[in-house]
Amino acid sequence: MKQIEAVVAKINDLNDGEMRQVSVGETEILLTRLEGKFYAVGAHCSHYRAPLAEGVLSGHHVICPWHNAYFDVTTGDQLEPPGLDALACYQVRIEGENVIVSVPEETTGLRSPAMAQFNPDADGRTFVILGAGAAGVHAAEALRVAGYQGRIVMITQDDRLPYDRTKLTKDYFIGKTSSEEMPLRSPDFYKEHAIEVLLNKQVKQVQTTAKAIAFTNGDSLTYDALLVATGGKPRQLDIPGADLQNILTLRSFDDTDRILTLSKQKGQAVVIGSSFIGMETAAGLSQHGLEVTVISPDSVPFKKTLGEEIGKIFQQVHQENGVSFKFGRKAVQFEGSDKVEAVILDNGDRVKADIVIVGIGVQPATDFLEGVDLHPKDGSVVVDEYLRVADGIYAAGDIARYPDWRTSESLRVEHWRVAAQQGRIAAHNMAGKAVKFRGLPLFWTMQFKFPLRYIGHAESWDEIIVDGDLQKQEFIAFYVQKNKVLAVATSHKDTETAAISELMRLNQMPTVEELRSGIVDLIQRQPEVNNKQ
């Protein structure tokens with residue numbers, strides 16, 4: 001393929017441990033200098049195309065400023081999700097004082113990771129993945145990356161190939177992403193890498209002793225290793241009138257499409273629950289021109305996750321955009337003839353509704369597992385630090401209850417990135433490696449024009465140290481328990497968020513005393529991270 005080259009810098013333009021975005025023609029490149037050598041890779045993250053130069057460089061890897069994917073700047077390899085592809089890696093040479101980079105005439109800046117070829121003669125085993133969400137799709141590809149050459153079967157009850165579920169309540173919901181842009185991979189990709197994707201398959205039972213899966217249509221399948229990544233089932237409200245039309249949950253592509261179809265009729269919408277699904281849905285419905293009321297037993301949104309002050313900011317943003325709230329209330333009845341017409345609250349209030357979205361959380365989808373002890377609290381699957389349930393069986397994503405490497409507590413986290421991280425780690429362990437899960441939870445949301453990132457996990461906290469201005473929505477909030485930062489929430493602080501992600505990963509966060517002083521520069525602290533890897 002024809003190459004284009006250009007002088008992109010002088011050798012003294014970059015210091016060791018420095019990166020910058022440069023261009024060769026119309027191709028944007030991330031140029032990095034490490035230990036006297038220059039490296040050039042694609043400039044944009046494979047997830048949502050964030051500019052990596054606005055992230056943080058630590059050792060040989062760059063952390064994406066948006067959702068904290070990690071890439072090796074010397075090879076372009078992706079080290080941490082949520083993206084799937086690696087970065088393209090370009091040739092660099094030095095002539096005198098000039099740094100010259102060559103790129104193909106046609107390049108996207110990305111590449112598929114190197115994968116083993118399917119070879120049943122070399123490996124006659126069958127590995128099955130139940131679920132095609134974040135954990136499932138990342139696991140399927142990671143098996144090939146890990147060198148597994150046997151059969152891979154990914155099974156989903158959905159009627160379409162794996163898609164970006166996070167966009168269902170975000171960009172797809174508000175029309176920024178089309179349905180054609182939602183699939184994570186094309187049919188040709190799965191065919192090329194011999195990943196069988198079975199659609200519309202409902203599992204009836206997994207017989208762990210016999211290593212067999214029975215389906216509701218009578219089919220069956222045996223396996224040598226199994227990853228259970230079936231996610232969660234939306235919780236329903238068991239109250240009178242719950243069977244009326246236009247009362248919906250939001251979990252799948254079809255759910256979103258049904259809601260969007262109904263929203264064209266405008267009218268009044270009620271969202272039950274002030275969780276992230278509920279609040280993102282409320283924001284989306286409001287942007288579609290509906291009158292939206294949120295009903296919640298809580299006093300402010302996200303109080304248990306983010307605290308009252310930040311919860312009030314979300315409430316304020318929603319109210320400024322026309323969303324109403326009924327806090328401290330529960331729905332006790334739906335009224336209507338065939339379609340829902342109103343929601344009756346526990347205090348007797350009647351809220352008119354043309355459409356109702358129930359967003360009160362999910363229940364782990366695990367009731368088909370035979371021979372596996374489920375957690376008594378929620379029916380989740382208890383795994384060890386390798387995400388192993390039992391011999392030959394692994395679990396990842398929303399259903400997995402795992403030991404937190406930072407606190408030794410048992411956690412179950414319903415985040416897309418955690419599911420992707422766990423899918424990758426489980427796959428490597430299925431392929432014969434021994435990799436402990438040491439991922440950090442991270443989730444993100446954008447409601448109207450208020451973005452929020454959250455790293456780590458804190459069930460409770462002794463104090464929240466805020467650096468910045470909550471009202472201006474430019475802040476970093478540190479959640480502290482027993483003198484240790486367990487989680488951090490940020491808004492409009494993308495580069496700092498990337499730095500925090502790395503500092504937390506290396507267990508090198510500033511002390512609570514330093515944070516209280518308000519003089520910590522998290523980005524400038526990063527070279528210390530580089531030197532201690």
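Both backbone and side-chain heavy atoms feed into the values below; hydrogens, waters and symmetry mates do not.
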Side-chain donor-acceptor pair under 3.5 Å between Q471 and Q473, yes or no? no
Which label fits F327 and F325: parallel for a plane angle under 30°, tilted from 30 to 60°, or perpendicular past 60°? parallel
In terms of heavy-atom contacts, does NZ of K211 have more than 12 from other residues, nucleotides or ligands at under 6.0 Å? yes
Please determine if K352 and E341 form a salt bridge, counting it only when a charged side-chain N lies under 4.0 Å from a carboxylate O. no
Just one of H67, H457, H415 clears the ring pair (Phe, Tyr, Trp, His ring centres under 6.0 Å) bar with F443, so which one? H415
If you count every heavy atom of other residues, nucleotides or ligands that lies below 6.0 Å from K266 atom NZ, does the total exceed 12? yes
Nearest heavy-atom pair of E414 and D398: which atoms, and what distance? CA-OD1, 3.4 Å
Please find the pair of heavy atoms, one from T256 and one from F173, that lie closest to each other, and give the distance. CG2-CD1, 3.8 Å
Does a side-chain N-to-carboxylate-O contact under 4.0 Å join K304 and E459? no
Using a distance-only test with no angle check, is there a side-chain donor-acceptor pair under 3.5 angstrom linking S380 and D378? yes
Counting neighbours of CD on E309 that are heavy atoms of other residues, nucleotides or ligands and sit closer than 6.0 Å, is the number greater than 12? no
Do Q421 and E80 have side-chain atoms, one donor and one acceptor, less than 3.5 Å apart? yes
Cation-pi check, R412 to Y402: give yes when NZ or CZ is under 6.0 Å from the six-membered ring centre and within 45° of the ring axis, no otherwise. no
Establish, from distance only, whether the side-chain atoms of Y172 and D164 form a donor-acceptor pair under 3.5 Å. no
Please report whether the ring centroid of F314 lies less than 6.0 Å from that of F450. yes
Looking only at heavy atoms, which two atoms of D494 and R453 are closest? And how far apart? OD1-NH2, 3.9 Å
Will you find, in the side chains of Q202 and Q157, an N or O donor that is under 3.5 Å from an N or O acceptor? yes
Given the ring of F215, does K204 sit roughly above its face, with NZ or CZ under 6.0 Å from the centre of the six-membered ring and within 45° of the axis? no
Give the ring-plane orientation class for H318 versus F448, where under 30° counts as parallel, over 60° as perpendicular and anything between as tilted. perpendicular
Can a side-chain donor-acceptor contact be found between T281 and T169 if the only test is distance below 3.5 angstrom? no
